[in-house]
Amino acid sequence: SQQGEEDPQALSIQEGENATMNCSYKTSINNLQWYRQNSGRGLVHLILIRSNEREKHSGRLRVTLDTSKKSSSLLITASRAADTASYFCATVDGSGNTGKLIFGQGTTLQVKP
Amino acid sequence: EAQVTQNPRYLITVTGKKLTVTCSQNMNHEYMSWYRQDPGLGLRQIYYSMNVEVTDKGDVPEGYKVSRKEKRNFPLILESPSPNQTSLYFCASSLYQGMQETQYFGPGTRLLVL
């Protein structure tokens with residue numbers, strides 16, 4: 001089952017601009033993770049934000065978490081062509097102790113040189 | 001280098017011909033799992049393993065088997081592949097099953113069943 005929706009589904013920007021992607025989820029969480037996937041390739045873990053954190057930074061990435069709205073956002077600043085990829089948020093299924101990650105549908109980001 | 005490896009990366013096979021996709025991690029992780037990724041359906045968990053000799057079904061286990069005889073390896077077995085198993089498969093691992101853990105993914109195996 002999908003955790004929620006990501007918005008927008010697709011985003012096209014120029015190099016140097018900022019990119020913002022949003023993610024909503026349905027259940028209570030312990031943490032939320034963001035992953036990047038380059039065109040049909042492996043998933044790369046970007047950042048994990050815990051439920052008691054509101055904002056986290058890693059290099060050009062800034063993630064926010066609003067547990068009252070059950071939403072998160074990923075901001076990529078000063079984007080580069082190499083940032084072109086699909087970005088997914090994921091939460092751990094807390095209901096059955098399976099460790100299963102529940103992914104959103106993803107945002108496809110295109111950064112034009 | 002800490003990593004999750006999968007083999008093969010690409011595979012074309014025919015219906016009914018048994019195949020195994022290997023997964024190995026060198027991080028001494030206890031938890032491993034398999035996902036498949038399909039357009040419009042996203043990523044879905046197939047099987048997972050909490051530790052050696054402990055495996056359990058995920059959301060879409062039909063048509064798949066797994067084994068966990070060693071901590072580092074978690075092969076995915078398709079006894080009689082069918083075209084609906086054409087997909088992109090990912091193996092993942094984390095130190096423990098716990099909710100605070102980051103999961104690390106392999107590079108993926110693209111399977112086509114004719």
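All of these numbers come straight from a predicted model, not from anything done at the bench. Just so we're on the same page: letters track the sequence lines, and every chain starts at 1.
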Given 3.5 Å as the limit, does a donor-acceptor pair link the side chain of A/Asp66 with the main chain of A/Lys69, or not? yes
Verify, without hydrogens or angle tests, whether A/Lys112 (side chain) and A/Ser12 (backbone) share a donor-acceptor contact under 3.5 angstrom. no
With a sphere of 6.0 Å drawn around OH of B/Tyr104, does it hold more than 12 non-hydrogen atoms of other residues, nucleotides or ligands? no
So do the side chains of A/Leu109 and A/Ile13 get within less than 4.5 Å of each other, counting heavy atoms only? yes
Give me the contact list for residues 73-91 of chain B versus chain A, heavy atoms only, anything under 4.5 Å, ordered by residue number. B/Leu88, B/Phe90
Decide whether B/Leu95 and B/Trp34 are clustered together by the hydrophobic rule: side chain heavy atoms of Ile, Leu, Val, Met, Phe, Trp, Tyr closer than 4.5 Å, transitively. no
For the CZ atom on A/Arg54, are there more than 12 heavy atoms of other groups (residues, nucleotides or ligands in this structure) within a distance under 6.0 Å? yes
Which answer fits B/Gln37, side chain, backbone, both or neither, if we ask what part of it has an atom under 4.5 Å from a heavy atom of chain A? side chain
